Structure formats: C-alpha cells, structure tokens
Amino acid sequence: MRLTGWAKRAETHPLRLLLDSEGRSDLVSFAIGVPPADSLPSRALARAFDRLLADPQALMLNPPSHELRRGITDLMAKRGVDCGPNTVFLTDGAQQALDLLVRLLVRPGDEVLVDPVTYTGMLMALQPSGGRASGVEGGAGQTMDLDALAKRLERGPRPAFIYTMADGHNPLGVSMGLDQRERLVELGHRHGVPIVEDDPYGWLDLDEEWLPPLHALNPDEVIYVGTFSKIAGPALRCGWILAPQGLRAKLSLVRDLAAIDSANLVQQALGDLLGRGELEASLTATRVELRRRRAWMLTALADHFSTPTWPSATWTSPNAGLFVWLQLAGVDAAARLPAAIERGVAYVPGSAFAVGSSEAELESALRLSFGGCDRAAIDIGVERLAEVLRS
Ligand SMILES: Cc1ncc(COP(=O)(O)O)c(C=O)c1O
C-alpha cells in the first residue's frame with residue numbers, strides 16, 4: 001500500500017510504549033500525566049448518565065450541548081475570561097483541539113514557535129502539516145525567554161502561531177508570572193502572531209494563585225484550549241476551544257472531516273454535572289490531594305537525589321499541574337528506561353519533549369508525574385529510580 005510521506009516516516013511514539021506498560025500492577029508509573037482517580041466525579045457522573053439515559057433521545061445525534069457550553073462559560077468566568085456559550089467550540093479532548101488548529105493555521109514550511117521543551121502531542125500534531133516546531137531559547141527548566149522571542153519575531157519569518165502553556169507547563173511543571181504573561185501577549189499582538197494557549201493544568205493551581213490565563217488578557221488573539229481530562233477524567237475525551245468567530249466556523253468544517261460531531265452523550269453528562277455545580281467539589285478534592293502528592297514527591301526527591309551521589313541534581317517545584325522536571329548529569333534517561341521499567345518504575349525521558357536540536361541537552365532530564373501515585377508508590381518509586389539511574 002502506498003502511504004503518504006509523513007505516514008511512512010511516522011514511528012510508534014515512546015509515549016505509546018509507556019501507555020502500553022501502564023496496566024502492570026507492580027509498576028510505579030511517574031510516566032503518564034493523570035489526576036488522582038479517587039477524587040474524580042465518578043459518582044456524580046453515574047447519576048448524570050442515569051438521568052440522561054432514562055430518555056432514549058439522549059442516544060440520538062444531538063447538537064453540541066448548550067448546557068455544557070454554558071457550564072464552560074461559567075468555569076472560565078472564574079479565571080477572569082468573559083465569553084459566551086457561543087464562543088465555546090467542543091472537541092474530543094485537547095489533543096483533537098491542537099490537531100484541528102494545526103490543520104487550519106499551519107501551512108507547509110511554516111514555523112510554530114514553542115518553548116525550548118514542549119508537549120510531545122503538539123509536536124506530533126504538527127507532523128502531517130509540513131510545518132515545524134521551532135524552540136525559542138530559554139534557561140534550563142524554563143519556558144521561552146521573551147527577549148529571545150522578541151528577536152525571533154522581529155527577525156522573521158512570521159510563524160503560524162506561538163504555542164505555550166502558561167500554567168503547570170508540560171513537561172517543566174512551571175507557571176508564568178503575571179509580567180511574563182502580559183509581555184508574551186503584547187509581543188504576539190505587536191507582531192500580529194496568534195498565540196495558542198494549551199491549558200489542561202490551569203485548573204490544578206495547587207497554590208491557588210489564579211493568575212489570568214493568556215486568553216483573558218487578549219481574547220481576540222489568544223486561542224484557548226481547555227480539557228476535562230485532568231479535572232473530570234481522561235476517559236471522557238472532552239475538551240474545548242475558545243476562538244474568534246471566523247475560526248470557529250472553520251473548526252467545525254475540519255472536525256467534520258474526521259468525525260461527525262464530538263462524543264455528544266459525554267457532553268450532555270458533563271453539561272448536567274456542571275449545571276448542578278457538581279464539578280466544584282471534586283475539583284477542590286483533586287487539588288487537595290495533588291498538593292499532598294506534590295509534597296511527597298518533593299520530599300522523596302530531596303531524600304534520594306541529594307549530594308554526594310547527585311551533586312548536580314535539580315528539580316522544579318510546580319505550583320500547578322502534575323509534573324516535576326528532574327535534571328541530572330551524566331545519565332542517559334532514555335537508555336535507562338527499559339531497566340527502570342524492569343525494576344518497576346516508569347518515567348518519560350526528557351528527550352521525548354525535545355524540539356529539534358535540543359535533544360542532546362535533554363539526555364539527562366526526566367519528567368515525573370506525581371498525579372497518579374499515592375504516598376507509598378511515590379516513596380518506593382523514587383527509591384527505585386535513584387537506584388536504577390545510579391547503576
Ligand atoms: C499540554 C497538554 N495538551 C494536551 C493534552 C491532551 O489532552 P486531552 O486528554 O484532552 O486530549 C495533554 C495531555 O496530557 C497535555 O498535557
């Protein structure tokens with residue numbers, strides 16, 4: 001069979017290999033970015049599905065749930081975003097949102113400016129487009145340096161868009177300060193370059209600082225991508241885009257190429273959940289539990305990755321989201337992964353987030369997700385990790 005060029009080049013991604021080893025009961029997985037299962041709204045959703053399915057009409061093709069779009073509008077208002085239900089475009093998760101945006105905005109040969117390390121799913125979404133991600137320089141463990149971004153924008157070529165995560169960055173675990181947010185949005189505006197803000201972790205602001213998302217600072221030029229994956233459950237496959245009207249109309253055209261509408265029953269159930277105010281309690285419980293898990297992870301890292309064995313180990317202390325970025329020296333994290341999985345601990349090697357030439361520098365870095373592990377798992381997992389990386 002004759003495949004297209006990019007399909008021929010496409011290989012099974014390392015994240016897929018990790019996903020496939022997830023079910024092992026003896027494995028402590030710091031690999032996948034998941035929230036604590038016990039604090040998700042499973043019982044409230046069961047009641048919502050029950051209510052819905054009492055009426056067979058729920059199983060018919062229904063228009064995108066107005067109730068859910070209204071609920072998302074109310075959620076966004078709490079983050080300082082003033083939008084109406086009609087500005088919310090529902091998707092099957094944030095990954096689909098990124099794919100749709102790439103299809104509409106990236107032409108072959110275009111650059112998309114990204115942080116020096118970035119979300120692998122964005123790099124994957126770019127592959128079929130013929131565009132390419134270009135990492136803007138930044139310090140170790142940091143998002144793009146805005147002076148470097150300003151120079152890139154002045155020098156050209158004009159990128160299709162700037163892609164970033166302002167809160168709980170994946171994989172770095174860091175969040176932008178207010179000045180940084182304002183300057184980034186101002187730079188995008190000055191150079192006429194849209195920003196795509198990917199925000200799965202803004203809802204998991206563990207320190208409750210609640211700085212405004214970039215979209216709140218300029219709703220016309222910052223396209224916002226949200227998802228229920230980290231706050232109501234990744235199995236729901238439901239997300240949303242906030243975009244100007246012109247783009248929204250085109251979004252539904254490209255989405256219809258691959259799927260007639262999004263998973264509507266899930267949308268209706270989530271709409272019911274939000275309409276009854278039942279997401280709030282589980283979101284608070286998720287944040288409380290994540291705060292504990294973050295503390296356990298940081299303590300375990302201090303216990304096992306301190307001097308003298310690891311004189312140059314550093315790690316980020318996230319104030320939002322699920323990730324810690326561990327930077328070591330003299331360790332090939334990707335090469336050690338099979339041995340680590342054998343020993344019963346999984347992580348994502350830093351090189352999975354590399355943008356072009358940054359791969360070599362990331363060899364000794366690891367992304368650790370603390371979201372899916374209780375205290376015992378974190379303690380034993382970090383102990384195994386130190387052991388396997390030392391040997
Ligand atoms: C930054 C980022 N964007 C998008 C996604 C995809 O989210 P979804 O499960 O909604 O497709 C993830 C998932 O981990 C993510 O970390």
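Predicted model, so just to flag it, every value in this text is computed and none were measured. The first residue in the sequence is number 1, and the count goes up from there. Counting convention: from 1, in listed order, for ligands and their atoms alike. Values below: all heavy atoms of this structure, side chains included; hydrogens, waters and symmetry mates excluded.
In this structure, ligand 1 sits under 4.0 Å from heavy atoms belonging to Gly93, Ala94, Gln95, Tyr119, Met165, Asn170, Asp198, Pro200, Tyr201, Thr227, Ser229, Lys230, Arg237.
Looking only at atom types and distance, the side chain of Arg152 has a donor-acceptor partner in the side chain of Ser134 under 3.5 Å away. Between the side chains of Arg248 and Gln245, at least one donor N or O lies within less than 3.5 Å of an accepting N or O.
Thr316 places a side-chain N or O within donor-acceptor distance of the main-chain N or O of Trp325, the cut-off being under 3.5 Å.
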Donor-acceptor list for residues 375-385 side chains, cut-off 3.5 Å, not counting sequence neighbours:
| residue | atom | partner | partner atom | Å |
| --- | --- | --- | --- | --- |
| Arg384 | NH1 | Asp26 | O | 3.3 |
| Arg384 | NH1 | Gly344 | O | 2.7 |

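By the ring pair (Phe, Tyr, Trp, His ring centres under 6.0 Å) test, Phe370 is found to be paired with no residue, residues two or more places apart in sequence or in another chain being considered.
Sorted by first and then second residue, the ring-ring contact (aromatic ring centres under 6.0 Å, His included) pairs with a member in residues 145-175 form an empty list; sequence neighbours excluded.
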